[in-house]
Amino acid sequence: MTSPNVVPFPSAPDRALDERFDRFADQYAAILRAHIARHCPRDLGIQINDIEQEALLRLWRALRDERNVVDAASYIYRIAVTTTIDAVRRVIARREEQLATLDDESRPDAAPHADPRQRPDVMMERRETMEIVLDSLGELPENRRRCVELHLQGFNTIEIAELLGWSEAKARNLAYRGMDDLREILERKGLGPK
């Protein structure tokens, strides 16, 4: 009988997974870090080491789930970019949440915990609007849709070009055309300026 504080030695499949992960990480760690460093905005205070750890965890999970990694370099690139984008989103969301909290607290007439944005009717309207926008994004051609999605997340055309492996001119052109197309689609659906 083992003590509750004793961690059992990993089984053979666990050791095989760990060895496979170690080999994979050793071979691609430098590439992973380089992609993260290239795509991580420097002005947000995000630590590259934190993103790298999260990316390695995602890689380990993929290997654990026996995901078939055909093109390892491409897979590493995708993990690096998506992990970086997720980290940027979290930082931006946290900042927006802090700003909203500060705005609410600075108003002397604001009732505590009474956020008008959390009213059921406002939340339902927001959800319906979001569904229309997402549906409208789906109507855009693939390249324009990808650019517009990144643009709406706050990425500039230089960052979009880096993320998608395009020239800045191509990213700018597709983003602007995509935004024009999206405006037209939304206006047809009744979500234009009033």
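All values below come from the heavy atoms of this structure, side chains included, with hydrogens, waters and symmetry mates left out.
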Same hydrophobic cluster for [X] and [Y], using side-chain heavy-atom links shorter than 4.5 Å among ILVMFWY?
{"X": "Y77", "Y": "I79", "answer": "yes"}
{"X": "L152", "Y": "I132", "answer": "yes"}
{"X": "I48", "Y": "I76", "answer": "yes"}
{"X": "M124", "Y": "L134", "answer": "no"}
{"X": "Y176", "Y": "F155", "answer": "no"}

Partners passing salt bridge (charged side-chain N to carboxylate O under 4.0 Å, His left out) against [X] (at least two apart in sequence or in another chain):
{"X": "E128", "value": "none"}
{"X": "R89", "value": "D86"}
{"X": "R146", "value": "none"}

Beyond-backbone contact of [X] with [Y], side-chain heavy atoms, under 4.5 angstrom:
{"X": "R127", "Y": "M130", "result": "no"}
{"X": "I185", "Y": "L140", "result": "yes"}
{"X": "L150", "Y": "I85", "result": "yes"}

Listed partners of S167 passing side-chain contact (heavy atoms from CB on, under 4.5 Å), at least two apart: A169, K170

Can you tell me how far the [atom1] atom of [X] sits from the [atom2] atom of [Y], to the nearest 0.5 Å?
{"X": "L164", "Y": "I160", "atom1": "CG", "atom2": "CD1", "answer": "7.0 Å"}
{"X": "L182", "Y": "E184", "atom1": "CG", "atom2": "CD", "answer": "10.0 Å"}
{"X": "C147", "Y": "E142", "atom1": "SG", "atom2": "CD", "answer": "10.0 Å"}
{"X": "T82", "Y": "L163", "atom1": "OG1", "atom2": "CG", "answer": "10.5 Å"}

Using the side-chain hydrogen bond (donor to acceptor under 3.5 Å, both in side chains) criterion, which residues pair with [X]? Sequence neighbours excluded.
{"X": "N143", "result": "none"}
{"X": "R90", "result": "E54"}
{"X": "D135", "result": "K189"}
{"X": "T84", "result": "none"}

E139 and R188 ion-paired at < 4.0 Å: yes

Are E149 and R145 within salt-bridge range, i.e. N to O under 4.0 Å? yes

Shortest non-hydrogen contact from L56 toward F21: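 Shortest heavy-atom separation between L56 and F21 comes out as O-CE1, 3.4 Å.
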
Correct closest heavy-atom pair for V148 and A175 would be CG2-O, 4.0 Å

Within residues 154-166 or reaching into it, pairs that qualify as side-chain hydrogen bond (donor to acceptor under 3.5 Å, both in side chains) - sequence neighbours excluded: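 Those involving residues 154-166 are T157-E168.
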
Just distance, no hydrogens or angles: give the donor-acceptor pairs under 3.5 Å from side chains in residues 22-38, sequence neighbours left out.
| residue | atom | partner | partner atom | Å |
| --- | --- | --- | --- | --- |
| R33 | NH1 | N49 | OD1 | 2.8 |
| R33 | NH1 | E52 | OE1 | 2.6 |
| R33 | NH2 | N49 | OD1 | 3.0 |

